[in-house]
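Beneath this line is the structure, given in structure tokens, with notes to follow.
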Amino acid sequence: MEPSETERYDPAAIEAKWQAFWSAEDAFVVPNPDFGSRSTAELQSTYVLEMLPYPSGELHMGHVFNYTLGDVFTHVRRRQGHTVLRPMGYDAFGLNAENAAINEGGHPREITARNIESIRRQMKRMGWAIDWSREVSTAEPEYYRWTQWLFLRFFERGLAYRREAPVKWCPKDQTVLANEQVIDGRCERCGTEVEARNLTQWFFKITDYADQLLDEMDLLESWPERVLTMQRNWIGRSEGARVTFKVEGSDGELPVFTTRPDTLFGATFFVLAPEHPLIGTLTAGSEYEAPVADYVRHTAGRSAVERETKEKDGVFTGRHAVNPVNGEPIPIWVADYVLMEYGTGAIMAVPAHDERDHAFAEKYGLEIRQVVAPAEGGRPADAGAFVAHTDDEVLVDSGEFTGLAAPAGKKAITAWLDERGLGEEAIGYRLRDWLLSRQRYWGCPIPIVHCETCGSVPVPDEQLPVLLPEIDDYLPKGKSPLAAAEGWVATTCPSCGGAARRETDTMDTFVDSSWYFLRYADARNDEAAWDQQVVDYWLPVKQYIGGVEHAVLHLLYARFFTKVLNDIELLGFREPFSRLFTQGMIYRHGAKMSKTKGNVVSPDAAVERYGADVLRLYILYMGPAEQDKEWSDDGIEGTARLVDRIWRLALAVAQRGPVDAPAGGELIRAAHRTIDRVSDDILRRFQFHTPIAALFELVNEIYRVKDDPASAGEVRFATETALSLIQPYAPHVAEELWERLGNSRLWELPWPEANPALVATDTVEIVVQVNGKLRDRLQVPAGTPEEELVERALASERVRAHVDGEPRRTVVVPDRLVNVVV
RNA sequence: GCCGAAGUGGCGGAACUGGCAGACGCGGCGGACUCAAAAUCCGUUGCCCGCAAGGGCGUGUGGGUUCGAGCCCCACCUUCGGCACCA
């Protein structure tokens with residue numbers, strides 16, 4: 001039945017044709033509902049969102065994977081009758097464009113515009129069903145005006161504030177970094193070792209939301225456990241006590257935070273962070289003043305990495321702290337294994353029960369006193385730090401608390417301290433406030449004016465946006481390049497009218513991306529950042545898709561923003577993303593694709609060679625979406641063959657003309673089974689590679705009988721089913737063939753539904769085992785009663801060969817298996 | 001060190017709820033078509049023994065539970081990811 005001269009599959013022509021068609025029709029544009037005329041409750045809205053790209057100029061396979069995954073899901077949901085919001089935009093501020101401007105000349109704005117144009121063209125070439133009418137770029141004044149407006153709302157509430165603090169500084173990028181942007185003591189962007197600096201910087205008070213960020217994880221419908229774990233670890237909540245030690249021979253007090261108040265009797269020394277403000281006072285005038293000052297100065301010169309990796313060291317201050325629980329004086333040391341940023345910058349050291357304290361005590365010959373031991377008696381012989389982990393341990397040598405189980409001792413000692421005003425329950429967090437200011441040009445200006453008399457004054461809303469000034473020299477100098485724009489910096493104070501200067505730092509780009517998903521809902525609104533009714537209609541995002549690398553960056557920040565905006569009644573929900581899916585990375589030759597490694601496969605080249613449809617199919621066929629995957633140049637040939645087989649099949653079917661399908665032939669049943677598998681995999685299991693395997697199988701089955709004239713009706717039905725099911729993956733070729741079969745507008749056709757009667761088979765194969773080993777198979781009608789199955793199993797020659805005498809018992813799983821035990 | 005995920009043919013992977021291990025694809029092998037090649041189509045492809053019928057082994061390792069384990073439990077090994085002076 002092959003036509004004598006089969007027209008060749010020409011993806012370039014077909015894809016261009018349909019892309020132009022859909023674009024002209026605004027096929028995937030989804031206007032906001034008219035809230036005045038109908039109830040929003042009757043509309044089934046679904047917001048599908050993928051993390052927005054940084055426009056580096058090149059779409060890469062990670063993008064192709066991410067957006068194709070979202071696209072398939074979008075198509076299926078749309079065809080199920082959902083109104084799906086599926087927008088796209090660009091995270092356009094940032095160092096890449098600025099560095100390109102420095103290296104190659106040109107303005108970051110022009111470079112960014114060029115990159116956006118190029119990445120947009122590539123995205124359109126992939127044929128994704130995106131609502132382009134909502135396109136947003138975070139570097140446009142129409143967008144960043146509202147980023148500034150939101151910053152001011154945070155500022156009003158005291159959630160954006162400025163203070164001097166030790167911060168992480170990247171010497172290469174010449175800017176500060178948020179804690180989340182430091183990986184192993186190195187800059188997340190460029191890998192340079194970060195330095196510590198004391199600077200006055202802008203922060204968001206994310207620590208105020210630490211508990212809510214933890215507790216409200218319960219509101220999330222489906223997030224990967226590993227992302228939640230990473231966020232929990234990052235927030236690092238730990239419960240313990242704040243205990244006040246007095247300085248011997250003075251009125252001075254030194255509070256500490258500890259998670260182990262039960263070990264208070266084992267505190268044999270006391271340690272201050274080198275940055276601790278009281279060090280000077282404690283040592284003033286003594287023989288220890290100079291060596292301690294030396295040590296502090298020396299520490300300041302150490303890099304963060306060096307400080308963390310070197311052996312612990314420190315210096316004695318000559319002073320003592322009084323243990324509140326027994327009045328015992330213990331020596332106060334200064335050591336840089338104690339961090340000023342956590343707790344109170346001071347610790348009580350319990351060397352018997354803390355490994356770090358133990359190492360320090362060993363080195364300097366300080367007393368090690370065990371106060372917790374296993375309940376069954378006998379102390380561990382080993383002199384190393386014995387860290388209590390279980391509830392079975394009891395306090396020893398701890399005064400009136402001796403004999404209590406460790407958890408009870410913890411409570412009892414805390415209560416004892418609390419009664420005497422010497423301590424109280426306390427909670428510590430690892431999370432630090434989000435350092436948001438950057439000393440770079442290409443970012444959102446912070447809308448603040450500094451006035452000698454009024455301090456930090458917000459720019460009034462009606463003066464927004466504070467436009468990024470034009471400058472010639474983007475080179476980072478350790479302070480913001482904006483400072484050079486003298487005419488821009490000099491301004492008047494909005495409060496007193498006197499001379500004032502603009503804030504010259506720009507915002508971390510993660511601020512821009514902490515609310516973009518809200519803007520999409522109402523992207524063209526020039527009166528407000530968004531209309532709450534519109535945002536509340538679309539959000540929370542029903543399905544968010546992106547890389548796991550944002551677990552403690554974007555995903556944490558966006559949750560924080562949403563909570564704040566809900567608190568100030570701009571949003572009606574607490575969590576931005578109900579369901580999160582984190583996709584794996586794509587590797588080639590065992591490494592992440594990168595230009596320096598020369599292992600990049602560009603989507604452009606793949607589209608050029610195979611077409612977008614084939615690339616879309618292959619990228620999802622490679623393996624489970626959540627796992628890392630290895631790109632194979634040969635592998636894509638398989639999906640190219642699949643498309644080609646469908647192409648030739650459908651053309652042949654079209655040439656034969658319409659035929660009625662019989663009610664329930666084998667191929668009809670196969671088609672229904674495929675509908676069932678594909679739908680279940682995508683919608684229930686959120687699995688995208690096995691549906692393609694199911695389509696391969698269906699097409700293979702069609703090929704087996706396609707030339708048999710008696711099967712013509714079944715072949716046509718199965719072919720149309722295959723086209724309908726492959727449409728979300730390969731929309732162009734599916735649409736083209738659908739049209740050639742005399743139909744139209746496949747992309748808006750209802751998603752097929754399997755007929756359960758046709759999915760079930762009427763004969764089933766029963767596996768017969770003897771002692772759990774496969775011995776025979778039986779073909780029986782579905783629903784055959786157990787006794788009959790056993791009878792038939794025992795009658796089998798192959799079974800009898802392995803059964804000697806009477807079986808001890810038989811196990812039957814209806815319609816599946818019989819196991820004969822002898 | 002702590003936390004998490006994962007180990008299945010030559011390769012990517014499938015096996016959803018404890019019930020036929022290896023679906024589907026890549027690669028390999030054989031055949032058809034062709035002067036030939038490519039493309040295409042058909043068949044075959046876990047390992048071992050056997051002419052065959054058939055049998056044995058097999059999901060990182062060792063044990064356990066079960067009529068039955070890739071899946072559950074215990075211990076271990078390896079790989080990947082995250083966190084890591086957080087008191």
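No hydrogens, no waters, no symmetry mates; every other heavy atom, side chains included, goes into these values.
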Applied to residues 339-348 of chain A, the salt bridge (charged side-chain N to carboxylate O under 4.0 Å, His left out) test, sequence neighbours excluded, yields A:E341-A:R432
Kindly point out which of B:G13, B:C16, B:A87 is positioned nearest to the side chain of A:Y342? B:A87
Contacts under 3.5 Å, N or O only, protein and nucleotides 47-55 of chain B:
residue, atom, partner, partner atom, Å
B:G55, OP1, A:H802, NE2, 3.2

Between B:U17 (P) and A:R816 (CZ): distance, integer Å: 12 Å
Go through the structure and list residues passing side chain to side chain contact (heavy atoms under 4.5 Å, CB included) with A:V733, not counting sequence neighbours. A:Y9, A:D613, A:V643, A:W647, A:A730, A:L737
For atom CD1 of A:I682 and atom C1' of B:C16, their distance in whole Å: 15 Å
Which is true for A:V338 with a 4.0 Å heavy-atom rule: it touches a base, it touches only sugar-phosphate, or it touches nothing? base
Just one of A:Y557, A:W234, A:F203, A:Y209 clears the ring pair (Phe, Tyr, Trp, His ring centres under 6.0 Å) bar with A:W434, so which one? A:Y557
For B:A75, the Watson-Crick or wobble partner whose two distances fall under 3.5 Å: B:U61
Taking the minimum atom-to-atom distance to the side chain of A:D634, which one of B:C16, B:C67, B:C26 wins? B:C26
Atom CD of A:Q583 and atom C1' of B:G81 are separated, to the nearest Å, by 15 Å
Of B:G82, B:C83, B:C57, the nucleotide closest to the side chain of A:W234 is B:C83
Closer than 4.0 angstrom, basic N to acidic O: yes or no for A:E225 and A:R232? yes
For A:I183 and B:C83, what is the distance between atoms CD1 and C1' respectively, to the nearest whole Å? 10 Å
Looking across every strand, which nucleic acid part, if any, lies under 4.0 Å from A:R684 by heavy atom: base, sugar-phosphate, or nothing? base
Answer for the Watson-Crick or wobble partner of B:C2, both distances under 3.5 Å, is B:G82
Side chain to side chain contact (heavy atoms under 4.5 Å, CB included) partners of A:H689, counting only residues at least two apart: A:P624, A:Q687
Could you give the CG-to-P distance, from A:N179 to B:C83, as a whole number of Å? 12 Å
Going by side chain to side chain contact (heavy atoms under 4.5 Å, CB included), name the residues that satisfy it together with A:L817, two or more places apart in sequence or in a different chain. A:V767, A:Q769, A:V813
Residue set satisfying side-chain hydrogen bond (donor to acceptor under 3.5 Å, both in side chains) with A:R669, at least two apart, ordered chain then number -> A:D762
For the side chain of A:I347, starting at C-beta, report the closest nucleotide among B:G25, B:A87, B:A14. B:A87
Partners of A:E239 by side chain to side chain contact (heavy atoms under 4.5 Å, CB included), sequence neighbours excluded? A:R237, A:I427
Mate of B:C26 where both pairing distances stay under 3.5 Å, Watson-Crick or G-U: B:G10
Parallel, tilted or perpendicular: ring planes of A:F360 versus A:F269, cut at 30 and 60 degrees: parallel
For the pair made of CD in A:Q687 and P in B:A14, what is the distance, rounded to whole Å? 6 Å
So what's B:G18 paired with, Watson-Crick or G-U wobble, going by both distances under 3.5 Å? none
Grab the CD-C1' distance between A:Q779 and B:C20 for me, whole Å please. 12 Å
Sorted by chain and residue number, the side-chain hydrogen bond (donor to acceptor under 3.5 Å, both in side chains) partners of A:E701 (sequence neighbours excluded) come out as none
Base, sugar-phosphate, or nothing: which does A:D644 touch, judged by heavy atoms less than 4.0 Å apart? nothing
Taking the side chain of A:H689 as its heavy atoms from C-beta onward, which of B:A87, B:A14, B:G25 lies nearest to it? B:A14
Who does B:C41 pair with, Watson-Crick or G-U, both distances under 3.5 Å? B:G31
What pairs of nitrogen or oxygen atoms, one from the protein and one from nucleotides 71-73 of chain B, lie under 3.5 Å apart?
none

Mind jotting down which residue pairs meet the ring-ring contact (aromatic ring centres under 6.0 Å, His included) criterion with at least one end in residues 620-643 of chain A? Sequence neighbours excluded, please. A:Y618-A:W631, A:Y621-A:F696
Partners of A:Q779 by side-chain hydrogen bond (donor to acceptor under 3.5 Å, both in side chains), sequence neighbours excluded? A:E765
In terms of base orientation, is B:G9 syn or anti, with the syn window spanning 90° either side of 0? syn
Tell me the interatomic distance from A:L778, atom CG, to B:G19, atom P, rounded to whole angstroms. 20 Å
Would you tell me if any nitrogen or oxygen in the side chain of A:R685 comes within less than 4.0 Å of OP1 or OP2 on B:A15? yes
Collect all protein-nucleotide pairs involving nucleotides 3-12 of chain B in which both atoms are nitrogen or oxygen and the distance is under 3.5 Å.
residue, atom, partner, partner atom, Å
B:G12, O2', A:M622, O, 2.7

